[in-house]
Number of protein chains: 2
Amino acid sequence: MAKPLSQTRCDFIEKVGLKSQSEGLPRIAGRVLGLLIWDGEAIAFGELAQKLQVSRGSISSATRILEDRRLIKRTTKPGQRQDYFQLAENPYAQMLGGIADNLERAMQEINKTLRDIPEAEGEIKARVTAYSDFYQQMSGAIAATLKTMN
Amino acid sequence: MAKPLSQTRCDFIEKVGLKSQSEGLPRIAGRVLGLLIWDGEAIAFGELAQKLQVSRGSISSATRILEDRRLIKRTTKPGQRQDYFQLAENPYAQMLGGIADNLERAMQEINKTLRDIPEAEGEIKARVTAYSDFYQQMSGAIAATLKTMN
DNA sequence: AGGATCGTTCAGTTCATACTGAACAAACTT
DNA sequence: AAGTTTGTTCAGTATGAACTGAACGATCCT
């Protein structure tokens with residue numbers, strides 16, 4: 001009993017929505033992303049609201065977030081007044097870049113703490129350093145992956 | 001004007017709490033983790049509640065989560081009835097392992113979708129595959145980092 | 001046994017955040 | 001100019017997760 005393709009599509013969009021949610025994006029933003037991945041072509045603003053059954057306000061904020069992260073591109077069609085959206089050319093590289101930035105920031109934040117610990121507190125310093133190193137390692141791993149993608 | 005060490009300690013604990021929160025842990029769990037990183041030694045259950053100014057119920061659930069993820073260890077002291085908690089020996093490796101597992105699961109979930117797409121839909125399949133590859137790459141990068149830690 | 005202390009559980013509350021939908025300004029159409 | 005259509009904004013609402021604190025069983029102490 002094969003699942004109809006339209007159902008597979010819905011499931012996929014929902015999966016991307018849930019995953020994105022667990023990665024700090026609003027769920028609707030994730031669903032927009034999933035829809036654009038699946039459909040590939042440029043989708044109109046109003047069409048997004050209708051197909052995902054959410055308010056235009058939600059589409060407005062979701063697309064802004066995705067645009068800010070450079071995961072999607074806003075375009076226009078001649079003779080059409082609506083905005084159109086499609087996947088950026090390199091969305092996954094952008095995702096990795098964003099993650100790497102976050103890790104980098106986290107590390108710097110921890111390093112600020114590190115500088116406030118006097119030399120005398122060697123053991124504390126060692127443990128906090130280990131925590132900082134964790135972020136550095138992660139960040140490095142992501143950055144390396146990013147390079148192999150180009 | 002140097003910051004007193006106790007203040008640096010509080011700031012650190014709060015930072016770990018916030019970072020953990022953005023990574024899907026309850027904030028209190030993150031603060032427990034920060035406290036244990038800073039102090040290093042084993043801390044009593046009641047002491048955690050008192051030092052972090054939260055209810056014992058919160059400590060109970062936070063420690064359970066951290067234990068499940070193998071980030072901390074529950075121990076006892078002879079003659080003492082309270083449970084004691086301290087950092088696991090390899091908490092950062094455990095964190096990485098957990099992250100890798102999540103990515104792996106995400107990928108498998110996407111691959112399930114992939115199998116439901118008929119061959120005829122080559123372009124859709126290609127785009128969904130690219131999404132799956134993203135998770136695979138991340139997962140691989142984390143796994144590689146994990147190896148270098150041992 | 002009686003009393004104290006411990007960790008867990010769970011119902012209720014709090015709190016943060018996503019989402020809605022109406023109001024609005026801008027740009028287009030006629 | 002009047003009327004549409006479009007995207008944004010923002011106040012209000014809904015939703016879900018975290019947290020509290022009281023109740024509980026278990027364990028220890030005397």
- Quick one, give me the B/S/- string for nucleotides 22-30 of chain C, reading 5' to 3', where B means a protein heavy atom under 4.0 Å from the base and S means that only happens at the primed atoms, P, OP1 or OP2. -----BB--
- Item | Q80(B): partners by side chain to side chain contact (heavy atoms under 4.5 Å, CB included), with sequence neighbours left out | K77(B), Y84(B)
- How far apart are the closest heavy atoms of Q137(A) and T148(B), and which atoms are they? OE1-OG1, 3.8 Å
- Are the charged groups of R64(A) and E67(A) less than 4.0 angstrom apart, N to O? no
- Item | Nucleotides bounding contact with chain A, strand DNA chain D, heavy-atom threshold 4.0 Å | dT4(D) to dT9(D)
- Message: Without decimals, in angstroms, what is the distance between L48(B) CG and dC6(C) C1'?
- Response: 14 Å
- Query: Got a sec? Which of residues 59-77 of chain B come in under 4.0 Å of DNA chain D, heavy atoms?
  - Reply: none
- Message: Does anything in residues 97-124 of chain A form a ring pair (Phe, Tyr, Trp, His ring centres under 6.0 Å)? List the pairs, not counting sequence neighbours.
- Response: none
- Contacts of E23(B) that satisfy side chain to side chain donor-acceptor pair (under 3.5 Å) - sequence neighbours left out: Y135(A)
- Under the side chain to side chain donor-acceptor pair (under 3.5 Å) rule, collect the residues that match up with Q7(B), sequence neighbours excluded. D11(B)
- Toward the 5' end of DNA chain C, by each residue's nearest nucleotide, V54(A) or F45(B): F45(B)
- Under the side chain to side chain donor-acceptor pair (under 3.5 Å) rule, collect the residues that match up with K147(A), sequence neighbours excluded. none
- Item | Atom-pair distance (CD on Q80(B); P on dC6(C)), nearest Å | 9 Å
- Item | Pairs satisfying salt bridge (charged side-chain N to carboxylate O under 4.0 Å, His left out), at least one member in residues 27-45 of chain B, at least two apart | R9(B)-D39(B), E14(B)-R27(B), E14(B)-R31(B), D39(B)-K51(B)
- Is there a side-chain contact between V32(A) and F85(A), using heavy atoms and a 4.5 Å cut-off? no
- Query: Does the pair K73(A)/E89(A) count as a salt bridge with the N-to-O cut at 4.0 Å?
  - Reply: yes
- Message: Can you list everything that forms a side chain to side chain donor-acceptor pair (under 3.5 Å) with T145(A)? Sequence neighbours excluded, please.
- Response: none
- Note on the structure: Residue pairs passing the ring pair (Phe, Tyr, Trp, His ring centres under 6.0 Å) test with at least one member in residues 16-55 of chain B, sequence neighbours excluded, are F12(B)-W38(B)
- Message: Testing the 3.5 Å rule here: is there a donor-acceptor pair between the side chains of T129(B) and S132(B)?
- Response: no
- Message: So if I take residues 25-34 of chain B and measure heavy-atom distances to DNA chain D, which residues fall below 4.0 Å?
- Response: P26(B), R27(B), I28(B)
